[in-house]
Amino acid sequence: MATDTPIDEHAVKEHDTLKYSLLGPSLTKSGQDNVDQQKVSEIIYNASKGSKYFNNEESRDKNLTQKIDRILTKKKQLEKLDLASDRRKADDYIAELELTRDLSQWIVHIDCDAFYAAVEELDRPELKDVPFSVGKGVLTTCNYHARKFGCRSGMAGFVAKKLCPQLIQIPLDFDKYTAKAQEVREIIVDYDPRFESASIDEAYLNITEYCQRNEIGPEEAIEQLRREVHEKTKITISAGIAANAKLAKICSNKNKPNGQFRLANDRSEIMAFMRDLPTRKVNGIGRVFERELDAIGVKTCGDIYGYRQFLSKLFGEKAFAFLMSCYLGLGRTTVQPAEEYERKSVGTESTFGDMSDPVELRDKLRATAEELEKDMVRTQFKGRTLCLKVKLHTYEVFTRQVIPPKAVYVADDLYKYSVPMLSKLEQEFPGLRLRLMGLRCTHLVSMKKPDTMAFFGFKKRPNESGEPDSPSSTAKRRADTLEDDDGWEAIPEELLFEDAERQEREDELNELESLSQEIDKRRHHGKEIVPNPKKQENQEEEEWWDCPICSRPQAANEKEFNEHIDLCLSRQTIRDAVQETSDLRSREPTPAPKKVKTSNDRSKGVPGDPKQRRLFFG
DNA sequence: GCGGATCAC
DNA sequence: TATGGTGATCCGC
C-alpha cells in the first residue's frame, strides 16, 4: 500500500471492502492458504475496473457501507440505554437452548473434493498436472493447481486467465457428474440408508447406528467409508464428524482435501472450538453478515456472547436465535432423505447479450415460459403465483409477481400472465434493456395424485388382493407411483358445490380466462392500448375505455387503465372462486401435506429431487 | 403479500 | 471479447 500519498481514509476503506467483495464468495474455501490474497485482489480489481459489473458491485458496496453505518449508529444509541433486560432475555434463551443440546448422535458431513474437476481428471489424466477449470464463461470449479494461482469458483473466465494465463477451461458435462455422484451414493447408503443429499457432491449421514451395529468407532468408520469410496470410484472425499450437522459441516472443511476431522461430542470441547471460529466459517454467514458482525466487534463465534444484549435489536429475532446457536455450537441432529423436504418453487432463468427490443424481449419471455413448462411437468407442479425476474444491463435485479386466476404450468399461460409484468417494467424503465430473464412458480400445487388424494381422505378402491390399504403400503407406493391411474372413488358429494353453483363458477372461470386473453391482446397487440407510449397520441379520440372485467368506464389513460385492470384481475373474491372451481374440477386440491419445517437453521440448502438438483460451484 | 437482499452450492 | 442458475429465507413495508 502506498503510504506516501494522502488518501481520504473513508475512500480507502470503501476501496478495501469492495476489493474484498470482488474476491468472491468462496474465499474461505480450501486451497487458498498459500495464495497471496493481496496480489490476487489487485489483479481482479484491475481486470474488473470500469465494467458494468464492477460499477454495480461498487454501488452495492456503498449501500452496504451505509447500512453498516446505520447499524453502528443504532448500537451507539442502544449503549446509552439500560439493556439489562435484553441481556437477561438472552441468558434465558441460552439456558433454554442448552437444554436442547443432544450429544448422543454422530453426524457426518462428507464433501467430494473439487468434484467436477476430479471427475474430469478421471477421463483425461493429462489434466492432473496442469491448472484447469470446469465451466467457461464463469468457473464452476477448478482443480487445486488452478487454486494456487487464486482461481476459484464463481470467477469470470477472463479474470481467471489473468491470474493464470495457462489455465485450461473445459466445458461442463453435467450428466457425467450425476452418474459419478450416484456411484458415491451407492456406497454411503450402506453407512446410513437415510443419508441426506445436500447437493450433488455433499451429503449428511447419521452413523450412530452403523457404529453400534458394527462395534466400530466413528473415525474408524469414516476412514473406512472414505477408503471404500476412493477404491470404488477413484474420488477423494473430505469428512467432518461431530454431534450435529452444523458442526460436521464446519469440520469437513478442516482437513480438505482428502482428509477428515472429528470434533468430540463434548460440551466444553465444542464451546472451545466455537470460541475461536471466524463467523464466516458458519454455514449461513456470508460476506455481508460477516462485515456487519465485524463492524460491531464480533469476529469469532465466541465474540457473539459479549454482544448478546444488542443482537436481536440490531439484526432481528431470527438472526439473534441463529447467532446464539452458533455461540453454543448447536445444530440439527436429524438427517433425512432430501426427497422428504417440501419443494417451494420451480423456476428457470438465463443470461443473454443485452436486449431491449420489445419484440425480442417477448420472444425471450415466450422461450423462458416454455423452459419453465418443461420443469413444471418434470416436477409435477402447478404454481398459484408467477414471478418474473429481470436483470438490467446494469446488473440491477428486479422481480414482479402476479397471482393468475388459476394455478398455471402450461407455457401459454405462463407467458400470458407474465407479459403484462414485462410491459409494466417497460413503462417503469423506458428503454428497458435486459441481460437476464427468469420465471418462477411459487405456492405450488402438486399434480402427483396418489399422495395428495390420500391426504384429503379419498380412499383408493380395494386393491386386487382385496386387503385394505395400510398406511405403510400407501407410503411405500408413494415413492414410485407417478402414473396417472384413475382408480379413485368419486369425490364425496358434500365436498362439491351444488351443481348450479358449480356451473356458475365454471362459467365465471371460462369467462375470466377469455377476458384475460382479450386484455392481453388489447394491451399488447391491439390498437386501442399499446405498450409503446409514443403511439398513444394517434388514438386519443376516445375519452373512456370500458373495463372488460367490471364494465365500468375508465379514463383513457393507458397507465391508469392497466392499473385498474390489474386491480380487477387480482380481486381476492374472483381469485378464490376460480381457484376452488379449477381445483375441484381437476380433482387436485393439494397443498401436499406439510412434511418438514426447516428449523432456525440458516443454511439454505436446496432439498428436492437429487436427480434434478443443479450444482455449479464445487 | 410483495419486492429486495442475502446465502448456499 | 467481458461476471451463472436454482432454490430458500428473512426483512421492511
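A quick note: this is a predicted structure, and the numbers were derived from the prediction, not measured. Naming convention: chains lettered A, B, ... in sequence-line order (proteins, then strands); numbering from 1 in each chain.
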### Summary
Atom NZ of A/Lys318 and atom P of C/dA8 are separated, to the nearest Å, by 16 Å

### Task
Specify the separation, in whole Å, of atom CD of A/Glu292 and atom C1' of C/dC10.
12 Å

### Side-chain H-bond candidate by donor/acceptor type, A/Gln336 with A/Tyr204, under 3.5 Å
no

### Message
By nearest atom, which of the nucleotides C/dT9, B/dC9, B/dC7 is closest to the A/Phe289 side chain?
### Response
B/dC7

#### Entry: A/Gln182-A/Tyr177 side chain donor-acceptor pair, cut-off 3.5 Å
no

### Query
When we call it a touch if two heavy atoms are under 4.0 Å apart, what does A/Glu202 touch: a base, just sugar-phosphate, or nothing?
sugar-phosphate

### Message
List the residues meeting ring-ring contact (aromatic ring centres under 6.0 Å, His included) with A/Tyr307, not counting sequence neighbours, and say none if there are none.
### Response
none

### Message
Using a heavy-atom cut-off of 4.0 Å across all strands, would you classify A/Ser51 as base, sugar-phosphate, or nothing?
### Response
base

### Message
Closest approach to the side chain of A/Arg343, judged atom by atom: which nucleotide of B/dC9, C/dG7, C/dT6 is it?
### Response
C/dG7

### Distance, nearest 0.5 Å, that separates CG of A/Leu386 from OG1 of A/Thr442
8.5 Å

### Task
Could you tell me the separation between the NE2 atom of A/His443 and the C1' atom of C/dA8, rounded to a whole number of Å?
13 Å

### Query
Over how many whole Å does the gap from A/Lys136 atom NZ to C/dT3 atom P extend?
17 Å

### Task
Could you tell me whether the phosphate oxygens of C/dT6, OP1 or OP2, come under 4.0 Å of any side-chain nitrogen or oxygen in A/Arg440?
no

### Query
Separation of A/Phe352 atom CZ from C/dT1 atom C1', in whole Å?
19 Å

### Query
Mapping A/Glu317 and A/Lys162 to their closest nucleotides on DNA chain C, which lands nearer the 5' end?
A/Lys162

### Query
Just by distance, with hydrogens left out, do A/Lys246 and A/Ser325 show a side-chain donor and acceptor under 3.5 Å apart?
yes

### Query
Got a sec? Which of residues 388-402 of chain A come in under 4.0 Å of DNA chain B, heavy atoms?
A/Phe398, A/Thr399, A/Arg400, A/Gln401

### Message
Classify A/Arg435 by what it touches in the nucleic acid, base, sugar-phosphate, or nothing, heavy-atom distance under 4.0 Å.
### Response
sugar-phosphate

### Query
Does C/dG5 have OP1 or OP2 sitting under 4.0 Å from an N or O in the side chain of A/Ser350?
no

### Message
Main chain of A/Ala411, side chain of A/Glu373: is a donor-acceptor contact present, judged purely on distance under 3.5 Å?
### Response
yes

#### Entry: Non-neighbouring partners of A/Glu349 that pass side-chain hydrogen bond (donor to acceptor under 3.5 Å, both in side chains), sequence neighbours left out
A/Lys389

### Message
Can you classify the ring geometry of A/Phe289 versus A/Phe315 as parallel (below 30°), tilted (30 to 60°) or perpendicular (above 60°)?
### Response
perpendicular

### Query
What's the CG-C1' distance between A/Asn55 and C/dA2, to the nearest Å?
13 Å

### Query
Starting at CG of A/Leu64 and ending at P of C/dC11, how long is that distance when rounded to a whole Å?
17 Å

### Query
C/dT6 C1' sits how many Å from A/Leu436 CG, rounded?
12 Å

### Message
Side chain of A/Val288 only, heavy atoms from C-beta on: which candidate in B/dC9, B/dT6, C/dT3 is closest?
### Response
B/dT6

### Query
Below 3.5 Å, does any donor atom in the side chain of A/Ser48 face an acceptor in the base of C/dT3, or the other way round?
yes

